[in-house]
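Note that the numbering runs from 1 along the sequence shown for the chain. Fair warning: this is a prediction, and the values are worked out from it, not measured in the lab.
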Amino acid sequence: MDKGGTKHFLKLILSSSIVISVLEGASKVITLLLLPLFSKYLSPEDFGIFTLVVMVTTFLGLFYNPGITSATVRLFHDTVNEEKRKELIGSLYVFYIFTPLALSILLTLIGPYIFPLIFKDFNFFPYGFLAIVLSFFMQVKNTWSTYLILNYKIKVLSIYVFISVLIGLLVAYVLVVIMKMGALGRVLAMLPPAIFLFIVSIITLSKYSGGKWSYKSIMKQLKFGLPLAGAVWSTSLLLIADRYILEIMTDVSSVGIYAFAFQIGQIPLFFVIGIQKLWSPMFYENMNNNNFTVVKNLILFFSFALSAICVVLMLFTYDFFFYFIDDRYYSAIPIVHYIVYGVFFSGLIVIPNTKLGYLKKFGLTSKIALFSFGINVILNIILIPYLNVIGAAIATFISYMCYFIIGLIKTNKNLNSVSDNKFFLTPLFFITLTLIYGVFYENTPTNLKSLILKLLFLLIMILSYLKIVKVNLKTITNLFEK
């Protein structure tokens, strides 16, 4: 197979994306290992406060990114002129410095007046103010990571992110465990890694762009990306709407239980994050070169890897809580199952989104995202009064499922050459079975008998998937031959 074929890009995934996933996954594993410790020193209310700070930080990031990052990625691939590429990256860099700075000053002045109107039990000082500061330092990293990904400098990105996570965890350990500062300590621990990456980003981007940027380029990138703003905002709001509605309709402790479950439920994404980061450049490159078979094989590989990780996590969630987590958080167990189910769809959303980006249907992407966000809000309002935190988890997974399915339907009409729904239906079947078992039947830790049954289930899932998509072990082996 030629250099631009399936072998080449699968090897690229297995080299670059595995490096990302191992490094970033390793940092998440460290976080996971410390989670049992933090569960003893942080109450559900503390986790709730920490989550609300993250929520505000995420929300502020929406105003700082009106689709301009995605637009830059697309425009970067539309030119081979290195000077124009430097101008694109430099303009994005300047935008992410001055826009957040101006808005941060404004929000610091008006924050004490608007926070009591928005939140029930969340004060502006110190937590709201810290969220504003954090959000400012986090924005330049978007340009830095975009530049590195576009140039396939994945190892550099992963190493620095890994270092930043270690810094944050070390500081968190000192402030939370040793100094016993509770929620405030956990929030303050977010500052050092954010500042570290801020400095690294400024040095890297200044060196690359050489100060090259223009107001005209910023406006072009904004104009091109503005139709994507709805998608960017809606996707981000999907991550925080449930927490905000929980804070309004219940209490901060419920937010903490939900956030704790979400932190565990997102583990599958940590191990495929490398594939997600590389997906857009690889997809655009192969579509531009008419390598449709390569794209289909990459979709197969991605969907299967994500589904397998999701199933494994759901099968052993109860054991993790029973042996490692403080019993104050046991009510989060069923929530994890629903969240993992939603994470499967959330992880795959990058596939239809990239297809829509290739077709330059950014407006349609925004409409789908806005519709899914609307579904999420409505379901949260309906379900939370009856099911509490579980209601929020169900609303979230249904929203992501709608997002993915609608996007898939819309793109299949235009890109039949790289579409095959059986790549998704088979893993979905097994994930659904695992969800039903975990939520309704599993109530004791795994013993030898149940362990054997779970391993058999995983084996059946793998063999069934390979048979249905007509892929055998020899075919897979051939893909990685030199």
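The two residues Ile339 and Ala261 come nearest to each other via the heavy atoms CD1-C, 3.8 Å. For the residue pair Gly347 and Leu269, the shortest heavy atom distance occurs at CA-CD2, 3.6 Å. The shortest heavy-atom contact between Gly111 and Pro116 is O-CD, 4.4 Å. The two residues Ala395 and Leu379 come nearest to each other via the heavy atoms CB-CB, 3.5 Å. When all heavy atoms are compared, the tightest approach of Phe344 to Ser303 is CE1-O, 4.1 Å. Across every non-hydrogen atom of Ser91 and Ser214, the tightest pair is OG-N, 3.2 Å.
The closest side-chain heavy-atom distance from Thr432 to Tyr341 is below 4.5 Å. The shortest side-chain heavy-atom distance between Ile202 and Trp144 does not fall under the 4.5 Å cut-off. Within the 4.5 Å cutoff, no side-chain heavy atoms of Ile431 are placed close to those of Leu435. With contacts defined as side-chain heavy-atom distances shorter than 4.5 Å, the pair Val53/Phe122 qualifies. Inter-residue side-chain proximity for Ile368 and Leu356 is flagged as met; some heavy-atom pair is nearer than 4.5 Å. Side-chain atoms of Tyr400 and Val343, non-hydrogen and from C-beta on, never get closer than 4.5 Å to each other. At least one side-chain heavy atom of Leu130 sits under 4.5 Å from a side-chain heavy atom of Leu191. Within the 4.5 Å cutoff, the side chain of Asn376 has no heavy atoms near those of the Ser372 side chain.
Other residues, nucleotides and ligands contribute more than 12 heavy atoms inside 6.0 Å of the CZ atom of Phe304. Atom OH of Tyr208 is surrounded by more than 12 heavy atoms from other residues, nucleotides or ligands within 6.0 Å. Taking a 6.0 Å sphere around NZ of Lys223, one finds it holds 12 or fewer heavy atoms contributed by other residues, nucleotides or ligands. Within 6.0 Å of atom CZ in Phe371, 12 or fewer heavy atoms from other residues, nucleotides or ligands are found, so the atom counts as exposed in its surroundings. Summarising the local packing, CZ of Phe98 is surrounded by 12 or fewer heavy atoms from other residues, nucleotides or ligands at distances under 6.0 Å.
Taking CZ from Phe95 and CD from Gln139, the interatomic distance works out to 9.5 Å, rounded to the nearest 0.5 Å. A distance of 10.5 Å separates CD1 in Ile245 from OG1 in Thr250, rounded to the nearest 0.5 Å. Atom OH of residue Tyr338 and atom CZ of residue Phe262 lie 15.5 Å apart, to the nearest 0.5 angstrom. Summarising the geometry, atom CG belonging to Leu238 is positioned 12.5 Å from atom OG1 belonging to Thr58; distances are rounded to the nearest 0.5 Å. Rounding to the nearest 0.5 Å places CG of Leu134 at 10.5 Å from OG of Ser104. Summarising the geometry, atom CD1 belonging to Ile218 is positioned 6.5 Å from atom CD1 belonging to Ile68; distances are rounded to the nearest 0.5 Å.
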For Phe429 and Met461, what are the C-alpha separation, side-chain angles and deciding distance, and is it a side chain to side chain contact (heavy atoms under 4.5 Å, CB included)?
CA-CA 9 Å; Phe429 171 74; Met461 180 192 74; over 6 Å; no

Test Lys355 against Ile299 for side chain to side chain contact (heavy atoms under 4.5 Å, CB included), laying out the working first.
CA-CA 12 Å; Lys355 289 181 179 180; Ile299 291 174; 4.3 Å; yes

Test side chain to side chain contact (heavy atoms under 4.5 Å, CB included) on Thr146 and Val73 and set out the steps.
CA-CA 7 Å; Thr146 298; Val73 172; 3.7 Å; yes

Before giving the answer on side-chain hydrogen bond (donor to acceptor under 3.5 Å, both in side chains), spell out for Thr396 and Asp242 the whole-Å C-alpha distance, their side-chain angles and the decisive distance to 0.1 Å.
CA-CA 7 Å; Thr396 297; Asp242 42 17; 2.8 Å; yes

Apply side chain to side chain contact (heavy atoms under 4.5 Å, CB included) to residues Val255 and Phe47 and explain how you reach the verdict.
CA-CA 8 Å; Val255 176; Phe47 260 100; over 6 Å; no

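Ring orientation note: the planes of Phe115 and Phe119 are tilted relative to one another, at an angle of 30° to 60°. The aromatic rings of Phe124 and Phe129 stand perpendicular to each other, their planes meeting at an angle above 60°, with 30° marking the opposite boundary. Classified by interplanar angle (parallel below 30°, tilted 30° to 60°, perpendicular above 60°), the ring pair Phe137/Phe198 is perpendicular.
Side-chain atoms of Asn380 and Tyr244 include no donor-acceptor pair closer than 3.5 Å. In the model, Thr69 has no side-chain atom that pairs as donor or acceptor with a side-chain atom of Asn142 under 3.5 Å. Donor-acceptor pairing under 3.5 Å is recorded for the side chains of Gln221 and Ser217. Between the side chains of Tyr258 and Thr51, no donor N or O sits under 3.5 Å from an acceptor N or O.
Both tests do not hold together for Arg85 against Tyr147: distance to the six-membered ring centre under 6.0 Å, angle to the ring axis within 45°.
For the pair Asn123 (side chain) and Phe125 (backbone), a donor-acceptor distance under 3.5 Å is absent. No side-chain donor-acceptor contact under 3.5 Å links Ser346 to the backbone of Gly342.
Checked against the 6.0 Å centroid threshold, Phe424 and Phe404 count as a close aromatic pair.
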